[in-house]
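These values consider heavy atoms only, across backbone and side chains, with no hydrogens, waters or symmetry-generated copies. Fair warning: this is a prediction, and the values are worked out from it, not measured in the lab. Throughout, protein chains are lettered first and strands after them, A, B, ... in sequence-line order, and every chain is numbered starting at 1.
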Amino acid sequence: MVGPRVRFAPSPTGYFHVGSARSALFNWFVARQSPDGFFILRIEDTDADRNREEWVDGIVSAMTWLGLDLDAGPFRQSDNFPAHVAATEALLAHGYLYYCDCTGDQVTERKGENKTPGYDGFCRDRGLARSERTALRFATPREGLTVVPDLIRGQVEFQNALIDDFVVAKSSGVVLYALANVTDDRNDRITHVIRGEEHLPNAPKQMLLWSALNDVSKQEVPLPLYAHLPLLVNEQRKKLSKRKDPVATESYRDEGYLPEAFVNYLALLGWSPRGDEEIVDRQLLIDQFRLEDVSHSPAFFDVKKLRSFNGEYIRRLSSEQFLEAVGPWVEPRDGQWQPTDRTPPWREEQFNRDLFVRVAPLVQERIALLGEAPGMVSFFFLDTPDFVEGDFDKSLRNDPVAQALLGVAIERFGEIEWRSDVLHETTVALGEAMGLNLRKAQAPIRCAVTGALIGPPLFESLEILGRDRTLTRLREALARCSA
RNA sequence: GGUCCCAUCGUCUAGUGGCCUAGGACAAUACCCUCUCAAGGUAUAGGCACGGGUUCGAAUCCCGUUGGGACUGCCA
């Protein structure tokens with residue numbers, strides 16, 4: 001018994017589409033749930049227009065980030081060109097293919113008059129010879145039914161008569177997707193073709209091609225099983241668009257999503273684990289995943305839920321793991337992966353690792369994205385905090401009582417023991433003396449020291465910041481009020 | 001237009017003829033906790049597109065309607 005052999009076959013683009021990521025993931029699940037499962041990455045780069053070296057690297061690194069390890073590859077479809085040509089020649093010799101010199105305009109022109117969809121088979125019996133302007137078309141059977149065995153949708157029927165004679169090789173000789181893909185899948189002995197639903201209309205064509213290839217090669221390679229995954233859509237219920245929707249997996253990584261959270265969320269798009277718990281580990285995903293259980297309807301990629309998952313995953317990290325994970329955002333290092341366009345707001349020499357280690361736990365439970373960490377701790381490292389003007393006006397500039405409180409705080413903070421609990425008590429007392437509850441009393445201090453009214457717990461922060469820097473900031477804030 | 005796919009809370013889904021006065025998660029709302037913000041806790045609101053069948057019984061099966069989507073390239 002041979003285990004499932006699956007492949008992820010993206011066409012190279014400048015980024016790794018989240019829909020591709022999900023397809024890759026579901027393929028990987030199928031491969032990993034059998035001891036002898038086999039997962040291949042094949043870059044479908046036959047279209048010369050979109051074929052760049054770095055794009056392949058992008059796909060590989062995104063998959064590595066997601067932890068989708070390969071058993072073979074990455075392979076390039078273009079490397080198999082000789083096999084594709086051999087396939088067309090064999091098919092041509094056995095009458096499965098014919099040359100056509102119709103231009104796109106001519107095909108369109110004849111469309112109205114014909115009941116056949118797409119190309120009308122005009123050249124099928126013209127006996128054209130090869131030339132630099134003839135494409136090769138597949139002579140689709142005029143009758144019969146092709147039934148796609150789809151693990152998700154069941155038996156999907158297509159009338160052969162309604163499938164047009166599609167182009168298999170361009171006049172330039174380049175073999176197109178439909179055939180190249182089938183040729184490679186046969187060579188790789190692929191058992192399950194798992195891909196997006198947009199490929200469902202291709203399936204009958206490819207099955208026809210597969211059978212034809214079996215015939216001409218006298219080699220009976222078993223047809224694969226298909227699984228067409230529901231599309232990922234936007235709030236308009238349209239297929240995720242690269243122009244309007246945030247679809248680049250890399251940008252999610254840059255924002256600080258954890259790969260485990262991303263994988264967990266992706267798995268839930270069109271599928272769900274047993275029971276009421278949605279946050280589950282990778283092994284459980286692998287163990288429980290079944291193509292047969294994948295839903296049939298399109299799924300909206302909900303960044304809000306993804307974000308919530310990510311926050312949960314961040315909170316579940318140990319302190320050490322968290323420190324390791326936020327590293328790239330707070331302390332980027334050469335030779336290590338760094339998020340693009342996300343350098344910390346402080347200069348490298350201003351960063352203090354020991355200090356960060358102390359505040360990290362306070363940050364860990366407050367952020368949903370690793371990329372939010374720098375903004376939350378920048379006041380520790382900047383000489384002057386980055387003031388949110390609205391907060392400053394509200395809590396200090398327009399509030400004489402608050403300014404008075406700051407004045408008293410400067411005195412008292414100079415003489416007490418520098419510990420968060422003492423700072424806490426002192427602030428309570430300070431506030432009481434002026435008729436303010438702690439909620440009110442801490443606000444001006446917080447804003448003076450951190451620059452904003454929201455942030456990590458104040459008294460722990462002050463303890464970590466230190467007495468000198470705290471007092472300096474309180475004085476500067478007071479001065480700033482009259483500036 | 002043609003072919004094909006799809007249809008449970010706003011969103012992702014559980015549900016495969018009786019366990020459903022439809023469960024969970026995210027989002028929302030309220031309250032509790034609280035030095036801000038989060039986190040956490042509790043609670044509330046919110047759905048089987050519609051119409052016919054089949055059946056003792058339908059969210060679940062069948063048909064139709066409506067609605068949405070994909071494909072329709074010498075792209076993949």
Student: Given B:rC4, B:rC37, B:rC71, which nucleotide is nearest the side-chain atoms of A:Ile454?
Tutor: B:rC37
Student: Do A:His228 and A:Arg195 meet the criterion of a side-chain donor-acceptor pair at a distance under 3.5 Å?
Tutor: yes
Student: How far apart are the C-alpha atoms of A:Arg137 and A:Tyr119, what are their side-chain angles, what is the distance that settles it, and do they pass the side-chain contact (heavy atoms from CB on, under 4.5 Å) test?
Tutor: CA-CA 10 Å; A:Arg137 288 184 182 271; A:Tyr119 179 71; 3.3 Å; yes
Student: Strictly by Watson-Crick or wobble contacts shorter than 3.5 Å, is anything paired with B:rU44, and which nucleotide is it?
Tutor: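 Its partner is B:rA28.
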Student: Measuring only the P atom in each nucleotide, how far is B:rA14 from B:rC9? A whole number of Å is fine.
Tutor: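 Pairwise P distance, B:rA14 against B:rC9, rounds to 13 Å.
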Student: Could you tell me whether A:Arg467 sits above the aromatic face of A:Phe413, with NZ or CZ closer than 6.0 angstrom to the six-membered ring centre and within 45 degrees of the axis?
Tutor: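 Output no; distance or angle outside limits.
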Student: From the options B:rG40, B:rC74, B:rA25, select the nucleotide whose nearest atom is closest to the side chain of A:Val167.
Tutor: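 So the side chain of A:Val167 is nearest to B:rC74.
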Student: Would you classify A:Leu268 as touching base, sugar-phosphate or nothing, given that sugar-phosphate means primed atoms plus P, OP1 and OP2, and contacts are heavy atoms under 4.0 Å?
Tutor: sugar-phosphate
Student: Would you call the rings of A:Phe289 and A:Phe29 parallel, tilted or perpendicular, where under 30° means parallel and over 60° means perpendicular?
Tutor: tilted
Student: At 4.0 Å (heavy atoms only), tell me whether A:Pro457 reaches a base, stays on the sugar-phosphate, or touches nothing.
Tutor: base
Student: Can you tell me the Watson-Crick or wobble partner of B:rU16, both distances under 3.5 angstrom?
Tutor: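 Pairing partner, where one exists within any strand: none, as none qualifies.
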Student: Take the protein atom CG of A:Asn202 and the nucleotide atom C1' of B:rU3, then report the distance between them rounded to whole Å.
Tutor: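 From A:Asn202 CG to B:rU3 C1': 13 Å.
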Student: Base, sugar-phosphate, or nothing: which does A:Gln159 touch, judged by heavy atoms less than 4.0 Å apart?
Tutor: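 Contact class for A:Gln159: none.
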Student: Take atom CD of A:Glu235 and atom P of B:rC12, then tell me their distance rounded to the nearest Å.
Tutor: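 Checked: the CD to P distance equals 11 Å.
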Student: For the residue pair A:Asp386 and A:Phe379, establish whether any side-chain heavy-atom pair is separated by less than 4.5 Å.
Tutor: no
Student: By nearest heavy atom, map A:Cys102 and A:Leu458 onto RNA chain B; which one lands nearer the 5' end?
Tutor: A:Leu458
Student: Which part of the nucleic acid, if any, lies within contact of A:His199, taking any heavy atom under 4.0 Å across all strands shown: a base, the sugar-phosphate backbone alone, or nothing?
Tutor: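 Contact class for A:His199: base.
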Student: Name the nucleic acid region contacted by A:Ala443, choosing base, sugar-phosphate or nothing; use a 4.0 angstrom heavy-atom cut-off, strictly under.
Tutor: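 Answer is nothing: A:Ala443 stays at 4.0 Å or more from every strand.
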Student: Once you apply a heavy-atom cut-off of 4.0 Å, does A:Leu176 come out as touching a base, just sugar-phosphate, or nothing?
Tutor: sugar-phosphate
Student: Quickly work out the A:Arg316 CZ to B:rG40 C1' distance and round it to whole Å.
Tutor: 14 Å
Student: Should A:Ser272 be listed as having a side-chain N or O under 4.0 Å from OP1 or OP2 of B:rA14?
Tutor: yes
Student: I want to check one thing: is the phosphate of B:rA70, taken as OP1 and OP2, less than 4.0 Å away from some side-chain N or O of A:Lys238?
Tutor: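 Answer is no, no contact under 4.0 Å.
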Student: Under 3.5 Å for both donor-acceptor distances, Watson-Crick or wobble: does B:rG73 have a partner, and if so which one?
Tutor: none
Student: Would one find a side-chain N or O of A:Lys304 under 4.0 angstrom from OP1 or OP2 of B:rC12?
Tutor: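 Checking B:rC12 against A:Lys304, no side-chain N or O comes under 4.0 Å of OP1 or OP2.
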Student: What's the CG-P distance between A:Asn160 and B:rU3, to the nearest Å?
Tutor: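 Rounding to the nearest Å, CG of A:Asn160 and P of B:rU3 are 15 Å apart.
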Student: Both distances below 3.5 Å, Watson-Crick or wobble geometry, any strand: find the nucleotide opposite B:rU21.
Tutor: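 Matched B:rU21 with nothing under the 3.5 Å cut-off.
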Student: With both distances kept under 3.5 Å, what pairs with B:rC35, Watson-Crick or G-U wobble?
Tutor: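 Across all strands, not a single nucleotide pairs with B:rC35.
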Student: Check whether the side chain of A:Arg307 and the base of B:rC26 form a donor-acceptor pair under 3.5 Å.
Tutor: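 Between B:rC26 and A:Arg307, which were checked side chain against base, a qualifying N/O pair under 3.5 Å is absent.
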Student: Counting only Watson-Crick pairs (N1-N3 plus N6-O4 or O6-N4) and G-U wobbles (N1-O2, O6-N3), all under 3.5 Å, who is the partner of B:rA58?
Tutor: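 Across any shown strand, B:rA58 pairs with none.
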Student: Does a nitrogen or oxygen in the side chain of A:Arg366 sit under 4.0 Å from OP1 or OP2 of B:rU36?
Tutor: no
Student: Quote, to the nearest angstrom, the P distance that separates B:rG47 from B:rG10.
Tutor: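 That atom pair is separated by 7 Å.
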Student: Just call it for A:Pro230: base, sugar-phosphate, or nothing, with non-hydrogen atoms closer than 4.0 Å on any strand.
Tutor: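 Result for A:Pro230 = nothing.
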Student: Determine the contact category for A:Glu278: base if any of its heavy atoms lies under 4.0 Å from a base atom, sugar-phosphate if only primed atoms, P, OP1 or OP2 are that close, otherwise nothing.
Tutor: base
Student: Taking for each residue the nucleotide of RNA chain B with the nearest heavy atom, is it A:Thr103 or A:His424 whose nucleotide lies nearer the 5' end?
Tutor: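 It is A:His424, whose closest nucleotide lies nearer the 5' terminus.
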Student: In whole angstrom, give me the gap between the P atoms of B:rC61 and B:rC5.
Tutor: 16 Å
Student: Taking only the P atom of each, what is the distance from B:rC50 to B:rU66 in whole angstrom?
Tutor: 16 Å
Student: Taking 4.0 Å as the cut-off, does a side-chain nitrogen or oxygen of A:Arg237 come that near to OP1 or OP2 on B:rC12?
Tutor: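 Yes, such a contact exists.
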Student: How are the rings of A:Phe301 and A:Tyr252 set to each other: parallel, tilted or perpendicular (split at 30° and 60°)?
Tutor: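 Correct class here is perpendicular.
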Student: Does any nucleotide pair with B:rG51 by Watson-Crick or G-U wobble geometry, both distances under 3.5 Å, and what is it?
Tutor: B:rC63
Student: Taking any heavy-atom pair under 4.0 Å as a contact, classify A:Gly270: base, sugar-phosphate, or nothing.
Tutor: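 Result for A:Gly270 = sugar-phosphate.
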Student: Run the ring-centre check on A:Phe26 versus A:His192 and record whether the distance is less than 6.0 Å.
Tutor: no
Student: Indicate, with a heavy-atom threshold strictly under 4.0 Å, whether A:Arg274 touches base, sugar-phosphate, or nothing.
Tutor: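 Result for A:Arg274 = nothing.
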Student: Measuring to OP1 and OP2 of B:rU36, would you say a side-chain N or O of A:Arg439 lies under 4.0 angstrom away?
Tutor: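 Yes, within the criterion.
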Student: Do we see a donor-acceptor contact under 3.5 Å between the side chains of A:Glu44 and A:Asn181?
Tutor: yes
Student: Can you tell me, in whole Å, how much space there is between the C1' of B:rA45 and that of B:rC62?
Tutor: 36 Å
Student: Using the C1' atom as the point on both nucleotides, what is the distance between B:rG15 and B:rA59, in whole Å?
Tutor: 8 Å
Student: Verify the contact: side-chain N or O of A:Arg137 to OP1 or OP2 of B:rC74, cut-off strictly under 4.0 Å; return yes or no.
Tutor: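 For A:Arg137, the contact criterion (side-chain N or O under 4.0 Å from OP1 or OP2 of B:rC74) is met.
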Student: Would you mind reading off the distance between A:Arg153 atom CZ and B:rG69 atom P, rounded to a whole angstrom?
Tutor: 16 Å
Student: Please name all residues satisfying side chain to side chain contact (heavy atoms under 4.5 Å, CB included) with A:Lys440, sequence neighbours left out, ordered by chain then number.
Tutor: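 Expected list: A:Leu436, A:Asn437.
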Student: Rounding to an integer number of angstrom, what distance separates B:rC48 and B:rU16 when you compare their C1' atoms?
Tutor: 15 Å
Student: Taking atom P in both B:rU21 and B:rC35, what distance in whole Å separates the two?
Tutor: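 Rounded to whole Å, the distance is 46 Å.
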Student: Is A:Arg7 positioned over the aromatic face of A:Phe39, cation under 6.0 angstrom from the ring centre and no more than 45 degrees off axis?
Tutor: no
Student: Would you indicate, yes or no, if B:rU13 has its OP1 or OP2 atom less than 4.0 angstrom from a side-chain nitrogen or oxygen of A:Ser295?
Tutor: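 Yes, such a contact exists.
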Student: Whole angstrom is fine here: how far is it from CG in A:Asp302 over to P in B:rC9?
Tutor: 15 Å
Student: What does A:Glu460 touch in the nucleic acid at a heavy-atom separation under 4.0 angstrom: a base, only the sugar-phosphate, or nothing?
Tutor: base
Student: Give one of base, sugar-phosphate or nothing for A:Tyr265, where a contact means two heavy atoms less than 4.0 Å apart.
Tutor: nothing
Student: Considering every strand and a 4.0 Å limit on heavy-atom distances, what is the contact class for A:Tyr177: base, sugar-phosphate, or nothing?
Tutor: base
Student: How many whole angstroms separate atom CD1 of A:Ile279 from atom P of B:rG24?
Tutor: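 In whole Å, B:rG24 P lies 17 Å from A:Ile279 CD1.
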